[in-house]
A.B. asks: 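Dropping the structure in here first, questions after.
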Amino acid sequence: MLSIDGREVQITNPDKLYFSSQTQISKLDLVRYYLSIAPGALAGIRNRPIVLKRFVNGAEGEAFYQKRAPEQRPSWLRTVTLSFPSGRTAEEIVVDDAAGLAWIVNLGCIELHPHPVRSNDLDHPDELRVDLDPIPGVRWSDVRRVALEVQSFLDEVGLRGWPKTSGSRGMHVNVRIEPRWPFTEVRRATVALSRAIERRVPNLASSKWWKEERHGVFLDYNQNAKDRTTCSAYSVRPLPDARVSAPLLWNEVPECDPADFTVLTVPERFAKIGDPHAGMDAVPGSLEKLLELAEKDKADGLGDAPWPPHFRKTDEEAPRVAPSRASSSPKKPRVKMPLIVVANSPDKAAALAGLERWKSKHVEIAGFLAVDDVLIDSMRGRSSTWTRIRVNLRHVPEDLRPSQETPDPDDDPTREWREWNRKTGTRKKE
C-alpha cells in the first residue's frame with residue numbers, strides 16, 4: 001500500500017516481473033519509476049481522457065486496449081464521456097495526479113495513451129501530433145534528419161514543436177495549439193504538414209498512407225484523427241530494455257540515441273535537467289498558415305488523404321483501397337503491387353520468425369528485395385493488435401516470383417469475423 005499525497009494506492013503483485021529478459025523490472029519498480037518523473041508524465045496526460053493499454057502479463061505478454069473506465073475504481077478518480085466516429089460513447093478515466101498515475105500503472109498500463117483534448121472541451125484538440133514512423137531498414141540518422149526538417153518547417157508557419165523519442169524506432173513532435181479547430185481541421189493541417197515535408201526531403205520522408213507506397217520515414221497524419229492516441233512523454237515501451245519515450249531539447253536531436261533513455265536512466269536525467277517540455281503549455285499556436293497550405297494543395301489537385309478504415313469516407317477522399325488491390329481505370333490508371341502475405345500472428349516475434357523461414361526457403365528471391373519491400377503491419381483487432389507481414393515482389397523478375405502460399409504462421413484473429421462479414425454483408429461495429 002502506497003501513500004501518495006494523502007491518497008492510498010494498493011499495488012497488487014508488486015514483485016511480478018514486467019520486464020524479465022534484459023532487465024529485471026517488477027510492477028512496483030515501474031510504479032516507482034512513474035512516481036519519480038510524475039511531474040513530467042502528468043504534464044502529458046493531466047486533464048485528458050486516457051485509453052488504458054493494459055499489459056496484465058508484463059511487457060512480454062499481449063496487451064489489450066480498454067477505453068471504458070473500470071467499474072471498480074477510487075472515488076477520487078474522475079471520468080468523462082467521449083463519443084467515437086461510430087456514434088458510440090465511452091466513459092474514460094482522467095488522471096490528474098500522481099496517485100491516479102500509480103493506480104493505472106497498477107492495472108498494467110506500461111504505456112500512457114491520452115487523447116489530444118482536455119476534459120472540458122472534447123471536440124477541439126489542443127495538441128497536434130507529428131508521428132515519424134520509419135519503415136523497416138531506415139537508419140535512425142534519417143529519422144533525426146526528418147525531425148529537424150519538421151522543426152524548420154514549423155518555425156516557418158509560426159508553430160513550435162517539442163520533440164521526443166517514441167521509445168521505439170521513431171520520433172514524435174508535439175505542437176501545442178489553440179483549441180479552436182475540430183479534429184477534422186487539425187488532421188487536415190497535419191496532412192498539409194506531412195506533404196510539405198515530403199516535398200522538402202522526398203528521398204527521406206513519405207506522406208503516403210498505403211504501406212506499399214511508402215519509403216523512408218512515414219509522417220502518420222492519421223494519428224490526429226478523432227479517437228486515435230499515441231504514447232505520451234515518459235511512457236515506458238514494451239521493449240526488452242524498457243525504453244522510454246523521452247522528451248528532448250532540439251539541440252539534443254542531432255546526436256540522440258533512443259537506447260539511452262530507459263526506466264533505469266530517465267529518472268536521473270529528470271532530476272538533473274528537469275522536463276525539457278515544461279514550457280509547452282505557455283506557447284499555443286495557430287493552425288491558420290497550415291490550413292492555408294491545405295487549401296493551396298486542394299487547389300493544386302491534392303484532395304483529402306486516406307482515413308483509417310473504420311472512419312466514414314469523406315467526399316474529397318480518394319478511393320479507399322490499396323494500390324495493389326485497386327482496379328485499373330482509363331482515367332486514373334493504377335499499378336497493382338505484387339504482394340504476398342508470409343506471416344500472420346498475434347505474436348510479433350513469431351511472425352518475424354516466419355519471415356526468416358520464408359527468406360531461407362526463397363534465398364534467391366530475398367536477394368532482390370529492398371528494405372522497403374518487407375511490410376510489417378500492426379493490425380488492430382477489437383481489443384488488441386496482431387502482426388501481418390507482407391513481401392512486395394516488385395523488384396523480383398516476374399518469372400521468378402513465387403505464388404501466394406499459406407502464411408507461416410497463419411494465425412489471423414480477425415479471419416473468422418471477416419468471413420462472417422463477407423457472408424452477411426454487414427459492417428464491423430466499433
A.B. asks: For the CZ atom on R145, are there more than 12 heavy atoms of other groups (residues, nucleotides or ligands in this structure) within a distance under 6.0 Å?
C.D. replies: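 Atom CZ in R145 is not packed in, count stays at 12 or less.
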A.B. asks: Students often mix this up, so state it plainly: with edges at 30° and 60°, are the rings of W358 and H362 parallel, tilted or perpendicular?
C.D. replies: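 Plane angle between 30° and 60°, so tilted.
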A.B. asks: Show, in sequence, the C-alpha distance, side-chain angles and deciding distance for L339 and L375, and conclude whether the side-chain contact (heavy atoms from CB on, under 4.5 Å) test is met.
C.D. replies: CA-CA 9 Å; L339 296 174; L375 310 178; 4.0 Å; yes
A.B. asks: Looking at G100 and L77, what are the two nearest heavy atoms and their distance?
C.D. replies: CA-CD2, 4.1 Å
A.B. asks: In this structure, are over 12 heavy atoms from other groups packed under 6.0 Å from R139 atom CZ?
C.D. replies: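 At most 12 heavy atoms, drawn from other residues, nucleotides or ligands, come within 6.0 Å of this atom.
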A.B. asks: Starting at CZ of R68, measure out to CD of E92 and round the result to the nearest 0.5 Å.
C.D. replies: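 Result: 8.5 Å between the selected atoms.
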A.B. asks: Given side chains that start at C-beta, do those of R129 and P116 come closer than 4.5 Å, heavy atoms only?
C.D. replies: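 They are in contact (side-chain heavy atoms under 4.5 Å apart), so the answer is yes.
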A.B. asks: Can any side-chain N or O of Q223 pair as donor or acceptor with the backbone N or O of R228 at less than 3.5 Å?
C.D. replies: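 Flag not set: sc Q223 to bb R228 has no pair under 3.5 Å.
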A.B. asks: So, is the end of the R188 side chain (NZ or CZ) under 6.0 Å from the ring centre of W181 and within 45° of the ring's axis?
C.D. replies: no
A.B. asks: Please report the shortest heavy-atom distance between A43 and D275, naming the atom on each side.
C.D. replies: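 Nearest heavy atoms, A43 then D275: CB-OD2, 4.4 Å.
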A.B. asks: Looking at OG of S245 and CE of M171, how far apart are the two atoms once the value is rounded to the nearest 0.5 Å?
C.D. replies: 9.0 Å
A.B. asks: Check F19 against P240 and note the closest heavy-atom contact, atom names and distance.
C.D. replies: CD2-O, 4.3 Å
A.B. asks: Answer yes or no: are there more than 12 heavy-atom neighbours, outside R169 itself, under 6.0 Å from its atom CZ?
C.D. replies: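 It does: R169 CZ has more than 12 such atoms within range.
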A.B. asks: Is any side-chain heavy atom of L101 closer than 4.5 Å to a side-chain heavy atom of I4?
C.D. replies: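 SC-SC contact between L101 and I4 ruled out.
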A.B. asks: Quick one: do K53 and F64 satisfy side-chain contact (heavy atoms from CB on, under 4.5 Å)? Show the steps, please.
C.D. replies: CA-CA 6 Å; K53 186 179 181 181; F64 66 92; over 6 Å; no
A.B. asks: Can you check whether E62's main-chain N or O pairs, donor with acceptor, with N57's side chain at less than 3.5 Å?
C.D. replies: no
A.B. asks: Is the shortest heavy-atom distance from the side chain of S83 to the side chain of T89 under 4.5 Å?
C.D. replies: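 A side-chain contact exists here, since the closest heavy-atom pair is under 4.5 Å.
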A.B. asks: Do the non-hydrogen side-chain atoms of L290 and L159 ever get within less than 4.5 Å of each other?
C.D. replies: yes
A.B. asks: Donor-acceptor pair, W250 side chain versus G161 backbone, under 3.5 Å?
C.D. replies: yes
A.B. asks: Before giving the answer on salt bridge (Lys or Arg N to Asp or Glu O under 4.0 Å), spell out for R48 and D126 the whole-Å C-alpha distance, their side-chain angles and the decisive distance to 0.1 Å.
C.D. replies: CA-CA 10 Å; R48 300 182 186 277; D126 72 336; 2.8 Å; yes
A.B. asks: Which pairs count as ring pair (Phe, Tyr, Trp, His ring centres under 6.0 Å) when at least one residue sits in residues 105-159, sequence neighbours excluded?
C.D. replies: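 Counting only pairs at least two positions apart or across chains, no ring pair (Phe, Tyr, Trp, His ring centres under 6.0 Å) contact touches residues 105-159.
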A.B. asks: Do we see a donor-acceptor contact under 3.5 Å between the side chains of S232 and K164?
C.D. replies: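 The answer is no; no qualifying pair exists.
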A.B. asks: For the CD1 atom of I25 and the CG atom of L17, what is their distance to the nearest 0.5 Å?
C.D. replies: 9.5 Å
A.B. asks: Is the backbone of A370 close enough, under 3.5 Å, to the side chain of D373 for a donor and an acceptor to pair up by distance?
C.D. replies: yes
A.B. asks: Run the numbers on Y18 and D29 for side-chain hydrogen bond (donor to acceptor under 3.5 Å, both in side chains), then give the verdict.
C.D. replies: CA-CA 9 Å; Y18 267 25; D29 292 332; over 6 Å; no
A.B. asks: Using the salt bridge (charged side-chain N to carboxylate O under 4.0 Å, His left out) rule, pick out the option among R7, R46, R78 that qualifies with D97.
C.D. replies: R7
A.B. asks: Would you call R187 and D304 a salt bridge, using N to O less than 4.0 angstrom?
C.D. replies: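 Salt bridge: yes.
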A.B. asks: Report the C-alpha separation of N106 and Q10 in whole Å, then their side-chain angles, then the decisive distance to 0.1 Å, and conclude whether the side-chain contact (heavy atoms from CB on, under 4.5 Å) test is met.
C.D. replies: CA-CA 8 Å; N106 181 61; Q10 183 179 12; 5.9 Å; no
A.B. asks: Check whether any side-chain heavy atom of L154 sits under 4.5 Å from a side-chain heavy atom of L193, and report yes or no.
C.D. replies: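 In short, these two side chains touch, coming nearer than 4.5 Å.
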A.B. asks: Answer yes or no: are there more than 12 heavy-atom neighbours, outside K16 itself, under 6.0 Å from its atom NZ?
C.D. replies: yes
A.B. asks: What's the verdict on salt bridge (Lys or Arg N to Asp or Glu O under 4.0 Å) for R357 and E405, showing C-alpha distance, side-chain angles and the deciding distance?
C.D. replies: CA-CA 13 Å; R357 288 192 294 272; E405 304 169 345; over 6 Å; no
A.B. asks: For the NZ atom of K348 and the OG atom of S378, what is their distance to the nearest 0.5 Å?
C.D. replies: 7.0 Å
A.B. asks: Calculate, to the nearest 0.5 Å, the distance between atoms NE2 and CG belonging to H172 and D220 respectively.
C.D. replies: 9.0 Å
A.B. asks: Between the side chains of N47 and S119, is a donor N or O closer than 3.5 angstrom to an acceptor N or O?
C.D. replies: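 Short answer, yes.
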A.B. asks: Tell me if the CG atom of D5 is crowded by more than 12 foreign heavy atoms within 6.0 Å.
C.D. replies: no
A.B. asks: Examine distances only and state if a side-chain atom of K27 and a backbone atom of T12 form a donor-acceptor pair shorter than 3.5 Å.
C.D. replies: yes
A.B. asks: Strictly below 4.0 Å, N to O, side chains only: are R200 and E156 in salt-bridge contact?
C.D. replies: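 Salt bridge: yes.
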A.B. asks: Which is it for D408 and T406 under the side-chain contact (heavy atoms from CB on, under 4.5 Å) test, yes or no, and what are the steps along the way?
C.D. replies: CA-CA 6 Å; D408 173 27; T406 301; over 6 Å; no
A.B. asks: Using only atom types and a distance under 3.5 Å, with no angle test, would you say the side chain of R144 pairs donor to acceptor with the backbone of C256?
C.D. replies: yes
A.B. asks: Is any side-chain heavy atom of V117 less than 4.5 Å from a side-chain heavy atom of P125?
C.D. replies: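 In short, these two side chains touch, coming nearer than 4.5 Å.
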A.B. asks: Please check if the number of heavy atoms outside E268 that lie under 6.0 Å from its CD is greater than 12.
C.D. replies: no
A.B. asks: Please step through side-chain hydrogen bond (donor to acceptor under 3.5 Å, both in side chains) for the pair Q66 and R54, ending with a clear verdict.
C.D. replies: CA-CA 7 Å; Q66 180 176 338; R54 299 178 61 181; 2.7 Å; yes
A.B. asks: Tell me whether R73 contacts the main-chain N or O of P70 through its side chain, where contact means a donor paired with an acceptor under 3.5 Å.
C.D. replies: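 Yes, the answer is positive, given that a donor and an acceptor are paired below the 3.5 Å cut-off.
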A.B. asks: Say whether, by atom type as modelled, one donor and one acceptor occur between the side chain of T262 and the main chain of A242 under 3.5 angstrom.
C.D. replies: no
A.B. asks: For E255, does the CD atom have more than 12 heavy-atom neighbours from other residues, nucleotides or ligands under 6.0 Å away?
C.D. replies: no
A.B. asks: If every non-hydrogen atom of F183 is compared with every non-hydrogen atom of N224, which pair is closest and at what distance?
C.D. replies: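 Reported closest heavy-atom pair: CD2-O, 3.7 Å.
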A.B. asks: Can you confirm whether N392 sits close enough to P338 that some side-chain heavy atom of one is under 4.5 Å from a side-chain heavy atom of the other?
C.D. replies: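 Side-chain contact under 4.5 Å: yes.
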A.B. asks: Do you see a donor-acceptor pair shorter than 3.5 Å between the side chains of S207 and E198?
C.D. replies: yes
A.B. asks: Donor-acceptor check, side chain of S152 to backbone of L148, threshold 3.5 angstrom: yes or no?
C.D. replies: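 Checking the backbone N and O of L148 against the side chain of S152, no donor-acceptor pair under 3.5 Å is found.
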A.B. asks: For the OG atom of S206 and the CD1 atom of I135, what is their distance to the nearest 0.5 Å?
C.D. replies: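 S206 OG to I135 CD1: 8.5 Å, rounded to 0.5 Å.
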A.B. asks: What heavy-atom pair brings S20 and E60 nearest, and what distance separates the two atoms?
C.D. replies: N-OE2, 3.2 Å
A.B. asks: How close do P306 and W210 get, heavy atom to heavy atom, and via which atoms?
C.D. replies: CG-NE1, 4.1 Å
A.B. asks: State, yes or no, whether a side-chain contact exists between Y33 and Y234 at a heavy-atom distance under 4.5 Å.
C.D. replies: yes
